Amino acid sequence: MPIEESGDGMRISVVGCGYLGAVHAASMAELGHQVVGIDVDERKIGALNAARAPFYEPGFEDLLARTLATGRLRFSTDIADAAGAAVHFVCVGTPQKRGEYAADLRFVEAATESLLGVLAPGELVAGKSTVPVGTAGRLAELVADKVPGALLAWNPEFLREGFAVTDTLHPDRLVYGLPAGSDREVAERLLDEVYAPIVAAGTPKVVTDHATAEMVKTAANSFLATKISFINAMAELCEATGADVKQLADAIGYDDRIGRKFLNAGLGFGGGCLPKDIRAFMARAGELGADQALTFLREVDNINMRRRIRMVELAREVCDGSLLGKHIAVLGAAFKPDSDDIRDSPALNVAAQLQLQGADVRVTDPAAIDNARRLWPQLDYADTAEQAAASADAVLVLTEWRAYRELDPVAFGKVVASKRVLDGRNALDREAWTAAGWTYRALGRRAG
Ligand code: UGA
């Protein structure tokens with residue numbers, strides 16, 4: 001469904017131009033608004049102004065070039081350039097604190113404080129970062145105290161990496177966490193104006209308070225993580241009984257109360273969101289004296305981490321019981337396909353464990369090699385799957401990029417030393433690989 005531009009547009013600022021902010025800024029310009037994206041990182045701002053995406057995201061660079069060319073979008077390191085915007089989006093990161101489960105709110109606090117110097121009465125600060133419940137209420141008081149008449153809303157974002165542009169321009173819902181009293185209507189009107197074409201397209205809209213909006217985001221990510229760990233727990237049982245988790249997922253997924261999406265068993269979830277969000281949620285529940293409500297998330301986390309260990313064991317098993325000196329090809333370094341993001345990547349975690357246990361590991365990825373090399377310089381890297389797999393004793397497919405799903409097992413079999421493949425994402429055509437003479441192993445499935 002095409003989204004129409006909205007008239008002359010509003011003036012909007014977006015503070016924080018990482019994944020969320022850069023895509024949000026360009027998308028808001030696409031809707032017809034006058035947007036300035038602000039970030040403290042000069043290199044990032046330089047790249048964005050030159051229409052270069054600082055991260056891999058299908059469709060983003062085109063959108064960036066198109067919106068910069070209209071003159072409606074620009075990027076700056078100077079917060080003063082945010083002055084005069086009707087709505088200021090806060091899109092900075094909330095990483096996990098070092099050595100703790102809780103979220104680190106330093107960047108959200110710094111961004112909000114920096115806005116206080118430019119904010120005027122009647123303007124709206126709209127938080128999009130994922131924050132522990134209670135943060136918006138606290139920041140709203142700060143804003144009201146320092147700039148009387150300015151407002152604060154929480155407006156969580158549900159975009160997936162790899163689909164960031166589509167998810168931003170065609171979200172499946174809008175969630176507005178609004179202040180109480182008469183400010184509520186003003187804030188709602190401003191957000192409706194920002195999202196006018198999206199609202200007009202009939203997108204469901206949930207209008208609520210700050211706390212509910214903050215919790216919607218963490219609850220959604222916790223549910224998704226739980227769904228993945230549920231099917232991975234079933235995979236553990238399948239391994240113990242000889243049942244097949246892929247068929248099990250298909251069969252239960254036909255029940256539309258369950259649904260097949262996010263029931264792909266394999267190496268489990270990683271990335272910059274699900275792992276840290278469930279941990280921050282547990283930490284916050286503890287602070288609120290409600291930790292029992294979320295103890296199940298600890299098990300969700302445990303099930304998820306156990307899959308990585310199991311993958312290493314499986315690799316040892318197929319390598320005749322020892323990893324020492326074995327050449328192992330790892331296909332995939334990003335935490336998921338169509339991304340160069342390696343934050344808490346299950347693939348890289350497994351690759352590193354194999355290397356630490358004496359294997360000779362060569363990793364390849366269509367987009368994430370540079371990032372991976374910076375984090376794990378001790379691993380070997382190759383540009384192509386064939387180069388990574390040359391003379392390999394085993395091939396591990398750990399991120400299901402299309403290029404790997406579509407490998408020809410016959411031709412690929414000619415480059416390796418031993419035709420052993422471990423399908424860490426249950427993404428390969430088992431029959432085709434076994435027919436080509438490969439020993440096929442996958443998590444939660446019988447040996448093929
Ligand atoms: C996730 C949510 O899906 C978004 O809705 C949310 O906005 C975002 O976090 C965020 O908080 O910003 P994302 O981290 O991009 O998005 O990735 P997902 O597509 O959710 O995948 C997360 C991980 O789960 C990946 O490692 C993926 O390989 C794994 N996964 C996913 C499975 O192991 N099995 C599945 O069936 C699905």
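Counting convention: from 1, in listed order, for ligands and their atoms alike. No hydrogens, no waters, no symmetry mates; every other heavy atom, side chains included, goes into these values. Since this is a predicted model, take the numbers as computed values, not measurements.
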Exercise. Which class fits the ring pair Trp433 and Phe412: parallel under 30°, tilted 30 to 60°, perpendicular over 60°?
Worked result: perpendicular
Exercise. For atom 36 (O) of ligand 1, which candidate among Asn264, Asp338, Asp341, Asn232 provides the closest heavy atom?
Worked result: Asn264
For this session: Could you tell me whether some N/O pair between Gly271 and ligand 1 is separated by less than 3.5 angstrom?
Result: no
For this session: Take every heavy atom of Gly266, measure it against each atom of ligand 1, and state whether any distance is under 4.0 Å.
Result: no
For this session: Distance to 0.1 Å, residue and atom name: give those for the protein heavy atom nearest to atom 5 (O) of ligand 1.
Result: Phe158 O, 2.9 Å
Problem set entry | Nearest-neighbour protein heavy atom for atom 17 (O) of ligand 1, which is reported as residue plus atom name and distance | Lys336 NZ, 3.2 Å
Exercise. Would you call Lys336-Glu161 a salt bridge at under 4.0 Å N-O?
Worked result: no
For this session: Write out the residue and atom name of the closest protein heavy atom to atom 1 (C) of ligand 1, then the distance separating them to 0.1 Å.
Result: Leu274 CD2, 4.0 Å
For this session: Report yes if some heavy atom in the side chain of Leu64 is under 4.5 Å from a heavy atom in the side chain of Leu73; otherwise report no.
Result: yes
Exercise. Does any N/O atom on Cys273 come nearer than 3.5 Å to any N/O atom on ligand 1?
Worked result: no
For this session: Please indicate whether Glu287 has more than 12 foreign heavy atoms, meaning atoms of other residues, nucleotides or ligands, lying under 6.0 Å from its CD.
Result: yes
Problem set entry | salt_bridge(Asp104, Lys97) N-O dist < 4.0 Å | no
Exercise. Does a salt bridge link Glu313 with Arg306, judged by any charged N lying under 4.0 Å from a carboxylate O?
Worked result: no
For this session: Report yes or no: does a heavy atom of Lys261 sit under 4.0 Å from some atom of ligand 1?
Result: no
Exercise. To the nearest 0.1 Å, how far is atom 2 (C) of ligand 1 from its closest protein heavy atom, and which atom is that?
Worked result: Asn221 OD1, 3.6 Å
For this session: Identify, by atom number and element, the atoms of ligand 1 in contact range of Leu263, meaning under 4.0 Å from any of its heavy atoms.
Result: 36 (O)
For this session: Taking only Lys NZ, Arg NE, NH1 and NH2, and the carboxylate oxygens of Asp or Glu, determine whether Lys205 and Glu188 approach each other closer than 4.0 Å.
Result: yes
Exercise. Do any nitrogen or oxygen atoms of Thr130 come within less than 3.5 Å of a nitrogen or oxygen of ligand 1?
Worked result: no
Seminar exercise, completed: Min over Phe262, Phe269, Phe335 of heavy-atom distance to atom 20 (O) of ligand 1 lands on Phe262
Exercise. Looking only at protein heavy atoms, which one is nearest to atom 16 (O) of ligand 1, and how far off is it?
Worked result: Arg160 CA, 4.0 Å
For this session: Give the residue and atom name of whichever protein heavy atom lies nearest to atom 8 (C) of ligand 1, and the separation in Å to one decimal.
Result: Leu159 O, 3.4 Å
For this session: Output the list of atoms in ligand 1 that are nearer than 4.0 Å to some heavy atom of Glu157, sorted by atom number.
Result: 7 (O)
Seminar exercise, completed: atom 33 (O) of ligand 1 sits nearest the protein heavy atom Arg425 NH1, 3.1 Å
Seminar exercise, completed: ligand 1 atoms nearer than 4.0 angstrom to some heavy atom of Glu161 are 15 (O)
For this session: Take Arg160 and Asp338 through the test salt bridge (charged side-chain N to carboxylate O under 4.0 Å, His left out) and record every step on the way to the result.
Result: CA-CA 11 Å; Arg160 298 158 297 167; Asp338 295 316; over 6 Å; no
Problem set entry | Arg420 and Glu317 ion-paired at < 4.0 Å | no
For this session: Assert yes or no for the condition that the ring centre distance of Phe223 to Phe262 is strictly below 6.0 Å.
Result: no
Seminar exercise, completed: Ranked by distance from atom 30 (N) of ligand 1, the top protein heavy atom is Ile228 CD1, 3.5 Å
Problem set entry | Arg430/Asp423 ion pair, N-O < 4.0 Å | no
Exercise. Considering only heavy atoms from C-beta outward, does the side chain of Phe55 approach that of Asp340 to under 4.5 Å?
Worked result: yes
Exercise. At under 4.0 Å between heavy atoms, which part of Leu20 makes contact with ligand 1: side chain, backbone, both or neither?
Worked result: neither
